[in-house]
Structure formats: structure tokens, C-alpha cells
Amino acid sequence: MSPWEILRFALRGIGANKLRSSLTMLGILIGVAAVILLVAVGNGSAKAISDRIEALGTNTLTVMSTSRGSGGLTMAVAGALDDPVLAPDVASVSPVVSTSATLTYDGSDHEVSAFVGTTPDWFTASNFGVGSGSAFTADDEAQARRVTVIGQTVAEELFPGIDPVGVQVTIGGALFTVVGVLEEKSSSGFQDANDTAVAPISAVRQVIAGYGALSSILVEARGSGMVDTAQSEITTILDRKLPAGSSGTAAYRIQNASQLLETQTETADTFTTLLGAVAAISLLVGGIGITNIMLVTVTERTREIGIRKALGAPRRVILTQFLIEATLLSVIGGGLGVAAAVLGSRFEIVGVRPVIVPSSVVLALGVSILIGLFFGGLPAARAARLRPIDALRYE
Amino acid sequence: MPGSRPVLDVRDVTKVYGEGDTLVRALDGVTLRVDRADYVAIMGSSGSGKSTLMNILGCLDVPSTGAYLIDGVDVGSLSDSQLALVRNRLIGFVFQAFNLIPRTSAVANVELPLAYSGIRSAERRRRAMFALDLVGLADRAGHQPNQLSGGQQQRVAVARALVTEPALLLADEPTGNLDSHATEEVLAVFEDLNAAGRTIVLITHEDEVGARADRLITLFDGRIVS
Ligand SMILES: Nc1ncnc2c1ncn2[C@@H]1O[C@H](COP(=O)(O)OP(=O)(O)OP(=O)(O)O)[C@@H](O)[C@H]1O
Ligand SMILES: [Mg+2]
């Protein structure tokens, strides 16, 4: 019998049992699609996290004091960090005071979680572009002019349908002129990064924050490769300026954005692995479903194999026919599963845009085809070895 | 052809099923020779071992003890692929329970043995239709087994056994479900084949059918009694 003939027999076998064939394919389809999609969701959320952290700027170091309110970070400390000799890899230093504040305009209020007082360098360091209007200048800072740049959320809440640039708002009882609006930025974590207002640090201290310690100091390195050297340079300076307390605890700590990115990525990877495990289980369940269908039909198929053997079918021909049937079913089912997953990944799932991982496609397809071959081929191989009369009597 | 070696040579064959309390001696020392172009009918009460003997003759089952030779070749010494060849080229087998492949048209069922002997599909279809016509079922060629009556299924099974024009036709109650008219037609086909030199062994419960054969063998409790 030619291979072509055997293929035709296999196709006829699939066609003769449409319900069984479609159920088998459905089982494989669901298993494959679930694995690919779940892994894609995990991967998508990992990507979203790293995108957000990269948006924060990975070239920056944030210096924070550990002992709240006790002197700690001062303008003098910030000034000392901006030292081209001792800290040549530092591009800019921005002292930051941050308080919550209520903005009032035309009778409506809006409370921002972060009213930031800083210097103009902050905008580039923190990767915040100014959309309309402009940032405040070094001169504004020196003169403590009451000007502010507001975030997108504030602009939408307080000035719906109006161009806020040039408008005066009341912040903490003083009038500030809006000079610009920040570009929209993706938010990291729970806080809305766009719910903010930025003003010269001199003005903010004068009006609200007072002349106490700084909230933090944002240090920008000259490049992403120099973050670590910049960190050790400022550590040397800070250790001199802010000696550790009597108990030996450091008076400050430095947050490194690229380190943050690493730990967050690790977390996201764990998440992906977890989803992958769930997906593998669903593939297994799909596999058990297929096995079930195959086992239910083993009796009928074993009898059929008995008849074929009695009519003189060689074992090789029977095996080939049944293996082709099983392969076709699992390949078609798996292919449809991949198609379904690709289609599904175009939509957002639980707020995440799935990103398909090619290796998961290979794995899911491989496993499903193996399951199909194994559970389709094994009973056939066993039946083909029986004497015809035993196969015919099988129950 | 006197003097030539027998087509079927069964030597002191036993077949035992089960063990202990449930032990059944379905065949208990059967010796039988059938010569070329013989027409043999096997009769006997239900459970006397007729089908068991037939399955061994058709190389579908093996004896517990004893030997069975086809054309002088010991079947027990044949490999799996050689057995497949013998079943396909030499033997046409009609099952008592028909054993048609479900959800497969009558003509496709009849074509099956031809497909396994490597005959091209157009030729296959022609010969299958001819065999179906012979048993009077040409108009039911496209029907699936569950769309056929018991007698029609039986005739499809007969057509499937005839289609390869085998040298040896083994039929287990081929007329069990047929009326006298259909029985007559099937027997006429068998007699034509026999006249053309083919060997026929059939099992029957009907005396009239048995009487048409050249030779009558009666089984009782796994033994040949006449
Ligand atoms: N697979 C089996 N396992 C156990 N016992 C069996 C098996 N097949 C047949 N037998 C027993 O062997 C004996 C002979 O059975 P067989 O089928 O040969 O009878 P038969 O002569 O064809 O009867 P019938 O005219 O009813 O078809 C019976 O007693 C039966 O119970
Ligand atoms: Mg019987």
C-alpha cells in the first residue's frame, strides 16, 4: 500500500468519527491556547513593569535620609554632591522637597499627593518632559518666583477644556502662575505619577515646606554605565557630610533605579513562571481529556483493527494509518490553538497587553503533539500486536 | 486432484479457553484434511466449537496444541507479515457477526481487502461493485452498515470475502440471516466458485445448506463425530 493510500485511509478515519475528532482537537486547542496566552500575559506584565521603571530614568540615584526630620539632607549637602572633582560622573544634582498640597482655581479644589519643589535639572533627570508651556528656569529658582508646572492629571481635573498655561492658581494660600504642563508619563506602582505639580524649591520652601530637611536628592549620572561609579562617588561625599549615627546606622540611603529595575524584573519573572505552571496544568488537563476520549474509543478502534488485520492488513500499515490520524488531529488542534492564542493576545487581558513568547509556542505545540501521538498511537500499537480474534473480542 | 497434498491439514488440534473452574475445551483433538476444490460443510449444535475451528482455519487464532498447515506450510511458523499476506491473498473469511467497519460505506468495506493487496482505486471500485452485484446489493453500495438490515450486512460480508477471488473461502454461517431466496443466491455464487476450483468451507445450521456440500462434517463437544 502506498503512503498516499494510507494517508487517505487516515483522513477517512478522521472524517468517519467527526465528533470524536473535533473533541480531540478542541482539547488540544484549549491546552495550547491556554499555555501560550497565560505565558504571554505574564511576559506582558513583566514588560509593562520594566517599561514603567525605564520611564523613571535608569540613570538616576535617589538619596533619602533614614532619620526623618533630624537635620539630614540639606541644601549644603546637595551642593556638596555637585562637585566635578570628587564626583566627576555626576551630571546633575536636584534637591527635592515634596509635600502634599491643595490647588485651588476658580472655586474648585484639587489635592496633589506630591507638590515638588526642586531645581530645573530635575526635569531631565526624572525623565519628565514639558508638553505645553515651558519648565521654570534657574533664574526663577534664584528669585523664588511663584511659578509652577502641573501634571496631566491636575490639568484635567482643575482646568477641563482650558489651556492652563498663564493661569494663576492658589497653592497653600499663595498664588502661583502655571507656566507649563508635564507630558503624560506611565505610572509606576500605585501612585499616579501625573498627579503632581512642580515649582522652584526656593518658592516652595518659602510658601509651604519651610526650611527644614530636604525630602530627597535626585542625582543623575552621566550615562547608564556610570550609575554605579557615581553612586560610590556620592557615597564618599555623603559619608563625610553625614556621618553614621552613634548606633552605627547610616544617616541616608541611596535608591538605585537600575537595581530597582532588576528586583522588579525578578518579581515579574516569578510571576511569569507561576502563570506558566498554571498553563502547564491546563495543558495536562487538556491532555487527560484527550486521553479520555481516546480511551473511550479504544474498544471500537481495537475491534476495527481486528477486522483490518483479519482482512490481511500488515501491522506496519495499520500503525502508520493510526499514527497519521493522531498526528493530524494534534497538529490541526495545536495549530488552531496557536491561532486562537495569537488572536487572543491582541486584546488586553486583566489590564495587561499579552506579549507572546516564541518558546512557549514551541513548547505547547510540542507537548500537545506528543500527547496526541502517545495516546493515539499507543492503543493502536497495542491492538496491532494482538491476534485478530483477540482484537475482535476486545471489550 | 487425488494424491496432491491437502490445502487444509489440521492435526490433532485442541483449543482450551480459561482455566480452573471456567476451563472450556472448545476443540478437543480435531484432525481434518480438506483437499483442493473441496466443498465442505461443518454442522453441529451451538457451542460445539465450529467458530473456534473456523477462526483457526482462517489464521485468526492459534490452537492450544496440535498443528495446522495450509498448502503444506505450518501456520505456527509464519511471521506476522507472512500471516497478513496469507489472510489477504489466500483466504476469504465471512464472520458469523459480519464484522463490517462502522461508519464506512458498504463498497468501502468490500474494497478493503483489495486496498491491502495494493490494487489501484479505480480497479478496486470496479471489482467491489461487481462483488456487491453478485450478492444483489449493488443499489446499497453507499449505505453504511447501520443503515443495512442484518441480511444485507451479511451479504456485504460475503461480498468482502469474495472480492479478492481467494483460493480458500471460509464462511461462518453465511446464510444465517438470509431468507430462502437470498440463501439460494449466495449458495449459487459459492457453487460457481467451487466449480472454478476454489476450496470452500462453510458452517451452517440448515440441513438443506449442508446437503449442497460435497462433504459434511459434524462437530460435537469439540470433536469430529462424522
Ligand atoms: N473467548 C472465549 N473464551 C472462553 N470460552 C470461549 C471463547 N470463545 C468460545 N468459547 C467457548 O467455546 C465453545 C465453542 O464456542 P464456538 O464459538 O466455537 O461455538 P459454535 O459452535 O460456533 O456455536 P454457535 O453455533 O452458537 O456459533 C463454547 O462453549 C464457548 O463458550
Ligand atoms: Mg459460531
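Sequence lines set the chain letters: A, B, ... in the order given, protein chains first and strands last, and positions in each chain run from 1.
- Taking every heavy atom of both residues into account, B:Asp133 and B:Ala138 meet most closely at OD1-CB, 3.7 Å.
- Closest of all the heavy-atom pairs between A:Ile307 and B:Leu100 is CD1-O, 3.7 Å.
- If you measure heavy-atom distances from A:Leu392 to chain B, the contacts under 4.5 Å come from the side chain alone.
- In terms of modelled atom types and a separation under 3.5 Å, the side chain of B:Gln144 and the main chain of B:Ser105 share no donor-acceptor contact.
- In summary, A:Arg303 and A:Glu300 do not engage in a salt bridge, as defined by a charged side-chain N under 4.0 Å from a carboxylate O.
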Problem set entry | Test log, rule side-chain contact (heavy atoms from CB on, under 4.5 Å), inputs B:Met129 and B:Val107 | CA-CA 7 Å; B:Met129 286 308 294; B:Val107 67; 3.8 Å; yes

For this session: Before giving the answer on side-chain hydrogen bond (donor to acceptor under 3.5 Å, both in side chains), spell out for B:Thr14 and B:Ser64 the whole-Å C-alpha distance, their side-chain angles and the decisive distance to 0.1 Å.
Result: CA-CA 6 Å; B:Thr14 64; B:Ser64 301; 4.9 Å; no

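- Of all residues in residues 156-174 of chain B, those placing a non-hydrogen atom less than 4.5 angstrom from a non-hydrogen atom of chain A are B:Arg160.
- Comment: B:Glu111 engages B:Arg124 in a salt bridge, judged by a side-chain N to carboxylate O separation of less than 4.0 angstrom.
- When all heavy atoms are compared, the tightest approach of A:Ala341 to A:Ile356 is O-CD1, 4.2 Å.
- In terms of heavy-atom proximity, B:Gln154 sits nearest to B:Asn177 at OE1-N, 2.8 Å.
- For the set B:Leu60, B:Val62, B:Ile119, B:Asn88, the entry with the most heavy-atom pairs within less than 4.5 Å of chain A is B:Leu60.
- No side-chain donor-acceptor contact under 3.5 Å links B:Ser45 to the backbone of B:Ser48.
- Under 4.0 Å is where a charged nitrogen must lie from a carboxylate oxygen, and between A:Arg301 and A:Glu304 at least one such pair does.
- Heavy atoms of A:Arg393 lying under 4.5 Å from chain B belong exclusively to its side chain.
- Using a 4.5 Å cut-off between heavy atoms, B:Asn99 contacts chain A through both its backbone and its side chain.
- For chain A, no part of B:Ile91 is nearby; none of its heavy atoms comes within less than 4.5 Å.
- For the set A:Ile389, A:Ile6, A:Asp390, the entry with the most heavy-atom pairs within less than 4.5 Å of chain B is A:Ile389.
- A donor-acceptor pair under 3.5 Å links the side-chain atoms of B:Ser149 to the main chain of B:Gln152, judged by distance alone.
- The two residues B:Val13 and B:Ala67 make their nearest non-hydrogen contact at CG2-O, 3.5 Å.
- A donor-acceptor contact shorter than 3.5 Å links the side chain of B:Lys50 to the backbone of B:Gly44.
- Ionic pairing of B:Arg11 and B:Asp9 is present here: one or more N-O contacts between side-chain nitrogen and carboxylate oxygen are shorter than 4.0 angstrom.
- Inspection of non-hydrogen atoms places A:Arg308, A:Lys309, A:Ala310, A:Leu311, A:Gly312, A:Ala313, A:Pro314, A:Arg315, A:Val317, A:Gln321 of residues 308-336 of chain A under 4.5 Å from chain B.
- The environment of OH in B:Tyr17 is crowded: more than 12 heavy-atom neighbours from other residues, nucleotides or ligands sit within 6.0 Å.
- Taking a 6.0 Å sphere around CZ of B:Arg25, one finds it holds 12 or fewer heavy atoms contributed by other residues, nucleotides or ligands.
- The neighbour count for B:Arg223 CZ, taken as heavy atoms of other residues, nucleotides or ligands under 6.0 Å away, does not exceed 12.
- Using a 4.5 Å cut-off between non-hydrogen atoms, the part of residues 69-84 of chain B that approaches chain A consists of B:Asp80, B:Ala84.
- Inspection of non-hydrogen atoms places A:Arg8, A:Phe9, A:Arg12, A:Ala16, A:Asn17 of residues 8-20 of chain A under 4.5 Å from chain B.
- A donor-acceptor distance shorter than 3.5 angstrom exists from the side chain of A:Thr270 to the backbone of A:Glu266, with no hydrogens or angles considered.
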